[in-house]
Amino acid sequence: MFLAVVWLAALGILTVSATSSLDFDDLPTPTLNKSQFVSTHGTNFRVNNTDFPFIGTNVYWLSALNTDEDVDAVLGNISSAGIRVVRTWAFNDVAEIPENGTWFQLVANGTTTLNLNETTGIPKLDRIISMAEKHGIYLLLSLTNNWNPLPVDNTTSSSNSLLRRDVLTNNSVPRNTLSNDYGGMDAYVRAFNASSHDAFYTNETIITAFENYTRNIVSRYVNSTAVLAWEIANDPRCNSSIGATASCNTTTVTLWHARLAQHIRSIDPNHIISSGSQGFFCADCPKKFQSTTAPPPSGPSQAVSSRQIKIAPLTRKRILEERKAARKTSRALKLRSEPPSTGSGVRVRGKWVSTATRRQDDVGVGSAFDGSQGVDSEDILNIPDIGFGSFQLFPDQNQYAPDDPNLPEFNNTLNAGLDWIRRHGEAGQMFGKPVTLSGFGLVTQTNAPSFVPFNSTVAPFANDQIGNLTLNGTLPFGVTDQQRNDAYAQWLQQGIISGLAGMIQYQWGQGNLTAVNGTAISPIINENGLVPVEDQNGLSPSDGYSSQYAYMCDLKRALDATGHCVLEMPSGTGKTVSLLSLIVSYQQFYATRRKLIYCSRTVPEIEKALAELKRLMAYRVECADSAEDKEKERNYTGLGLTSRKNLCIHPEVSKEKKGKVVDARCRDLTNAVTCEKGRNEPGSVDLCDWHETLGNMEPGNSVPPGIWTLADVLQYGRDHGTCPYFTVRRMMPFVDVIIYSFHYLLDPKVAEQVSKELSKDAIVVFDEAHNIDNVCIESLSIDLTRPMLDAAGRSVVKLGDKVEECETFSVSSQCCSPVDTSCRIKTTNSSKLLDEYAKLVDGLREPSDDDDAFMSNPLLPDDLLNEAVPGNIRKAEHFVAFLKRFVEYLKTRMRVLHVVAETPLSFLQHLKDITYIERRPLRFCAERLQSLIRTLELNRLDEYSALQKVASFATLVSTYEKGFLLILEPFETDNASVPNPVFHFTCLDPSLAIQPVFERFSSVVITSGTISPLDMYPKMLQFTPVVQETYPMTLTRNAFLPLVSPASVCPIKVQYVPVKVITRGSDQVAISSRFEVRNDPAVVRNFGSILVEYSKIVPDGIVAFFPSYLYMESIVAAWNDMGILNEVWKNKLIFVETPDANETSIALENYRRACDNGRGAVLLSVARGKVSEGIDFDHNYGRAVIMFGVPYQYTESRILKARLEYLRDAYRIRESEFLGFDAMRNAAQCVGRVLRGKTDWGLMVFADKRFARADKRAKLPRWINQYITETAANLSTDMALNLSKLFMRGISQNPEENQTTGISLWTLEDVLKAQAKQKAALALEEAKQEEQEEDEYGNGDITDQMLIDLDI
């Protein structure tokens, strides 16, 4: 939640009679340089002779902050977010002078008193405007408010007593917390003893008093260019919490607007004026002001189309006809998507037609259109002194249209907002004036407890004042976070389409600000009634429309709650070091240190994480205060684990190129039988000297304490003659942190061997986990090919020979000659087979006293491990025959020449019908094979890898009934004629692999820079996170980049990475990688034009990504024919990623060399390839990333189709939802390669018209979305190039490149300050929770004496 501030109070008073006026002879002369002020030009705003569309935010509480530093921090954060306009209150009326806090005017007993005190009064507004100008922000200043409810006039109805939540009634929310608690119209009405709200519009004394205040405020800022405009009032209308007279109507409010606008214009000719109303219409109402529709502005038009659209006047008939048409359309869509199953209609020409239609009653146009609110926004917009129109959108508090019964509730809310925006856009076009959406918001279910309607002073869905309120079954109240995001995205898009000049979201929230007792943001008071210095902070005022969280605070909250969390933090901004810093501190703080299991995807990422941890611990040692603390930090131990191939230093084994061969040869030299024999009979077998040296060391002392990277462990092994791989394996129970691959936890075959000793309280982190669902699926999926089955068949024969050899020599030891060694060996093997048979009768699992055994193995359920192995596979020769039959059956299935897809149960039934193999022995197949191999003490196990895979296939297919599918594809492609069959045993449910991890460990963190939308992961992986949050990016350098859209030029502030969406080429042909147009010569040529032009202007390296290798090959071939590659070669070298890892490594190396020596290079890569997963292109290696097309998966894949069907049926995840999610996370992963640090910068270019759609961009991470401005979301190639040139010219000349302290780089002082304030916020939350619990669990009116008297 955003934290906030209030100001220290002192008094300085200037008294003014309500009927008197000040001497204004000394007012400043208005400036003559009109171009510096925001003005209007047709339906646009202009400043410095340039169009000025904007996205803004509401900060009504800005003047209530306590220090100039806090105001500066708020405006600085807003500016850093790229927001140029802030709407705030320029009034703060009180009925009596408060002890603390801000107030601008005392309104009481028929007089008004201005507060000109520097600390608490109007001069604070001077400093706010000055700081806004410093940060390049324009202020929209509102002069009063329609809403100022008190308990005596609260109109909220309930059986409970709804009290005012402020200091006057000793409730928890102080003055100025709510937007309606700053005085306003009703404050004047009460002070001048008027009886109705509309007296504010008609009572001459009240009007004069308000005009005097207006004159005082407006005259102070006549020459300020930081003021965008004056807003006469917020949401003026006839009614409020004080009733209106029957005579109040649209004429009353309109004439009042005209008078006030003329009054302000007489004082200030420099600034424009708006109403600030909710935007209600009055269809068919007579107008006081004739239409002054102006012709289009002279000069060249910036619109794409020159055709003028005629807009019909808003009438009651038109409104009803449009609603009827919309309802008819929605009903037709509903019937088509959900045709009635019983006799509710008949089919006529393939369509459903209702047989019993109920006629809809004419309910009128509704209060938003009938003038009943006393507002006619069209008539007000026609007032000559009104410069632009304004309206608001709060569906939680106003009804803009009747609900359509054919649509869900949220869809009605969404559509009502879209229609409301469209109508106001039409009004602006019709009258030739700009129109702004001055406030819009939706209450989410998370914020519902703090939501306070504008006409109330209580939170109807909070528990602190009115108990667990249920309002006619409407709880829970609010939309989900995702619904809010979707609605905002579509409303903003509609605003752009409708030609709105500006849109202002409600509302901004702020954190880490000072709190003062007795003000809107009060500090936390402890049980002794004291306020600790470190706890003097609080939350910014909120009435239910703002929220924010900090990454490390959420992570710690998840650890404290011993729960799982999903966190998305921007790539390249210190995610890894943030994770490690917090968790190491967490471990060092608590005596019972929890082990950290840090999982990453690739070896380079593992090494990078170890290097970060090593630097972190060196810093902690340096900063430790005492010798004891330094020693404690030095003893912190961390290691990384990777495969034997990467850690082997044996001179012969390390030469092998294949990992399986290295594993097999290593096992031959290090298994227990070989080691025992080699030690008892030196020279009889080969041993690994490095492994033997390690065996002589004490457990836990294989390496000294400290952080060891993979390179460090390798060097230590060479220096001390120890095996690096087994050094790490044997140190795992003793280290504080182990960093290794996902597969070591998720792949049950590996996890059983490597991770079985990890304790339950360990903290598990899956970093770069955006593809964790695919890793889970791969760990439980098996592909069988014909060569693999042939190899398995040969292994079965070889295994059978070994068994037969042992059985043949099953003789007593007396029959063997003392010198016949082979006889003794065979006799020993025979006896081992007999011992093995006896053990299998009792079960596969040997007795164990370990209560903390590792997680259950998905390959073999825990209950089966204790069962007796079926009798038909206990004997070795029987099991070998069993395997032969099963392998031959699979070979027979491979001969089929058509595609087969079947469930595991169908496969097992067919297997039983053909071979009489039952399901139960198949379930034991993998473990039975392992047992036999151990018994026979076989070497070179890599030769049995195919047979092991077949055995694992048998176990999996017989263990799981749901979540898997078998697909037999006889041909490699649809057009192939030579069979190359593959038998896919495909896992469709990723939760099966990761579920044991969630069940085993108390805290699992899933994090990455590209895992939006976050709620998809809990759905797919089937877990409930305690924390789920995504974070924006805070960077240092700022550059002003004018983003040009077809309609306007907008100076937009960007930081580091301007994000552009190119939807069409210079020839205005739309570009897309959609299948229908991907090979269109015009599209291919435009793609090539983008690459050629950017190769001319971007220095050093450019990385371009394509959806697939096949598409990249076709595009590159076409570019070659068109001569495009030759044009690129003139500017930069070209390198291409290929499926071959070695070729790609060579290409990457040469690409970096070309970037380093100044030649420059272009790297053509593929989404989901090696380059997109973990290769960083920092600084000069990646000054631009271009995403050609949307990287959808190949939708004709049978495996993908099966997975989509399963997700739809099991988890209600639609196909389009998953495909869009998967494409956008991969696109984000690709473009995220460009930004890898706080001083890095680059361009992100999305080259496909589909990226311009709001639903696509909504799936991008928040840290990317925050930089996609609406004007940058629909560019041609020429426009994008011009903007890119301007950006790079400015960014390369930035003199503040390294001034990052306090923004993207925090000092220790910054961290301590933030930590202290966060602690206070947490304490406040706990205090509120305790208060709620006390209210809920009272004593039920049972006194202590009643308990004493009770006769038990």
Worksheet item: Got a donor-acceptor contact below 3.5 angstrom from the Ser219 side chain to the Asn216 backbone?
Response: yes
Worksheet item: Ile128 and Leu139: side-chain contact (heavy atoms from CB on, under 4.5 Å), yes or no, with the steps?
Response: CA-CA 9 Å; Ile128 290 173; Leu139 296 176; 4.0 Å; yes
Worksheet item: Should Ile217 and Ile122 be marked as a side-chain contact (heavy atoms from CB on, under 4.5 Å) after you check the CA-CA gap, both sets of side-chain angles, and the distance that decides it?
Response: CA-CA 8 Å; Ile217 296 299; Ile122 294 174; 4.0 Å; yes
Discussion item. For the CD atom on Gln399, are there more than 12 heavy atoms of other groups (residues, nucleotides or ligands in this structure) within a distance under 6.0 Å?
Written reply: yes
Worksheet item: If you take all heavy atoms of Ser274 and Ile386, which pair is closest and at what distance?
Response: C-CD1, 4.2 Å
Worksheet item: Side chains of Ile83 and Gln505: does their closest heavy-atom pair fall under 4.5 Å?
Response: no
Worksheet entry | Pairs satisfying disulfide (SG to SG under 2.5 Å), at least one member in residues 197-278, at least two apart | Cys238-Cys248
Discussion item. Strictly below 4.0 Å, N to O, side chains only: are Asp68 and Arg127 in salt-bridge contact?
Written reply: yes
Item to complete: List the steps, then state whether side-chain contact (heavy atoms from CB on, under 4.5 Å) holds for Ile272 with Val38.
Response: CA-CA 7 Å; Ile272 47 180; Val38 178; 4.3 Å; yes
Fill in: Short side-chain to backbone donor-acceptor contact, Lys288 and Thr254, under 3.5 Å
no
Worksheet entry | Pairwise side-chain contact, Leu442 with Phe394, heavy-atom cut-off 4.5 Å (strictly under) | no
Worksheet item: Is the number of heavy atoms from other residues, nucleotides or ligands under 6.0 Å of Lys287 NZ greater than 12?
Response: yes
Discussion item. Does Asp126 have more than 12 heavy atoms from other residues, nucleotides or ligands lying within 6.0 Å of its CG?
Written reply: yes
Worksheet item: Between Asn270 and Val222, is there a donor-acceptor pair closer than 3.5 Å when you use the side chain of the first and the backbone of the second?
Response: yes
Worksheet item: Can you tell if the side chain of Trp61 reaches within under 4.5 Å of the side chain of Trp508, non-hydrogen atoms only?
Response: yes
Item to complete: For His197 and Asp186, test the side chains for any donor-to-acceptor distance below 3.5 angstrom and give the result as yes or no.
Response: yes
Item to complete: For Gln392 and Ser438, work out which heavy atoms get closest and say how close.
Response: CG-OG, 3.5 Å
Worksheet item: Would you call Glu96 and Arg190 a salt bridge, using N to O less than 4.0 angstrom?
Response: no
Practice prompt. Keeping the roles fixed (side chain from Asn117, backbone from Thr120), state whether a donor-acceptor pair exists under 3.5 Å.
Written response: yes
Item to complete: Assess whether salt bridge (charged side-chain N to carboxylate O under 4.0 Å, His left out) is satisfied between Arg259 and Glu204, documenting all intermediate values.
Response: CA-CA 12 Å; Arg259 174 173 175 171; Glu204 191 62 32; 2.6 Å; yes
Item to complete: Considering non-hydrogen atoms only, spot the tightest contact between Phe37 and Ser224 and give its length.
Response: CE2-O, 3.5 Å
Worksheet item: So how far is it from Thr252 OG1 to Asp198 CG, rounded to the nearest 0.5 Å?
Response: 6.5 Å
Discussion item. To the closest 0.5 Å, what do you measure between CD (Glu231) and CG (Leu140)?
Written reply: 5.0 Å
Worksheet item: What is the distance from atom CG of Asn176 to atom OG1 of Thr102, rounded to the nearest 0.5 Å?
Response: 6.5 Å
Discussion item. Looking at Val452, is its backbone amide N or carbonyl O close enough to the side chain of Ser456 to form a donor-acceptor pair, meaning the two atoms are under 3.5 Å apart?
Written reply: no
Worksheet item: Taking side chain as C-beta onward, heavy atoms only, is Tyr138 less than 4.5 Å from Phe54?
Response: no
Worksheet item: How long is the span from the OH atom in Tyr506 to the CG atom in Asn58, to the nearest 0.5 Å?
Response: 6.5 Å
Discussion item. Side chains of Arg423 and Phe369, heavy atoms from C-beta outward: is any pair under 4.5 Å?
Written reply: yes
Practice prompt. Identify the heavy atoms of Asn180 and Phe454 that sit nearest to each other, and give their distance.
Written response: ND2-O, 2.8 Å
Worksheet item: Nearest heavy-atom pair of Ile206 and Ala194: which atoms, and what distance?
Response: CD1-CB, 4.1 Å
Practice prompt. Using a 4.5 Å cut-off on heavy atoms from C-beta on, say whether the side chain of Ser390 contacts that of His424.
Written response: no
Worksheet item: Between atom CZ of Phe45 and atom CG of Leu228, what is the distance when rounded to the nearest 0.5 Å?
Response: 6.0 Å
Discussion item. Quick one about Asn234 and Asn145 (side-chain donor to acceptor, distance below 3.5 Å, no hydrogens or angles considered), yes or no?
Written reply: yes
Worksheet item: Is the gap between the ring centers of His271 and Tyr221 under 6.0 Å?
Response: no
Worksheet item: Is the distance between the ring centroids of Phe440 and Trp420 less than 6.0 Å?
Response: no
Discussion item. Can you see whether Thr245 engages Ser247 through a side-chain donor-acceptor pair at a distance of less than 3.5 angstrom?
Written reply: yes
Worksheet item: Quick one: CG on Asn146 to CZ on Phe200, what's the gap to the nearest 0.5 Å?
Response: 9.5 Å
Worksheet entry | Validation row: Leu141, Ile129 side chains within 4.5 angstrom (heavy atoms) | yes
Practice prompt. Check whether any side-chain heavy atom of Phe192 sits under 4.5 Å from a side-chain heavy atom of Asn109, and report yes or no.
Written response: no
Fill in: Residue pair Val435, Phe388: steps toward the side-chain contact (heavy atoms from CB on, under 4.5 Å) verdict
CA-CA 6 Å; Val435 173; Phe388 66 97; over 6 Å; no
Item to complete: Examine distances only and state if a side-chain atom of Asn249 and a backbone atom of Gly374 form a donor-acceptor pair shorter than 3.5 Å.
Response: no
Practice prompt. Return the minimal non-hydrogen interatomic distance between Ser367 and Phe280, and the atom names on each side.
Written response: O-CD2, 4.4 Å
Worksheet entry | Asp370 (side chain) donor-acceptor with Val365 (main chain) under 3.5 angstrom | no
Discussion item. For Val59, is there any backbone N or O sitting under 3.5 Å from a side-chain donor or acceptor partner on Thr88?
Written reply: yes
Discussion item. Checking side-chain polar atoms at under 3.5 Å, does Gln262 have a donor or acceptor matched by the opposite partner on Asp385?
Written reply: no
Worksheet item: Any Lys/Arg nitrogen of Lys124 or Glu118 sitting under 4.0 Å from an Asp/Glu carboxylate oxygen of the other?
Response: no
Discussion item. Could you check whether any side-chain N or O of Asn115 sits under 3.5 Å from a backbone N or O of Gln105, counting only pairs where one atom can act as donor and the other as acceptor?
Written reply: no
Worksheet entry | Ring geometry between Trp89 and Phe91 (parallel below 30°, tilted from 30 to 60°, perpendicular above 60°) | parallel
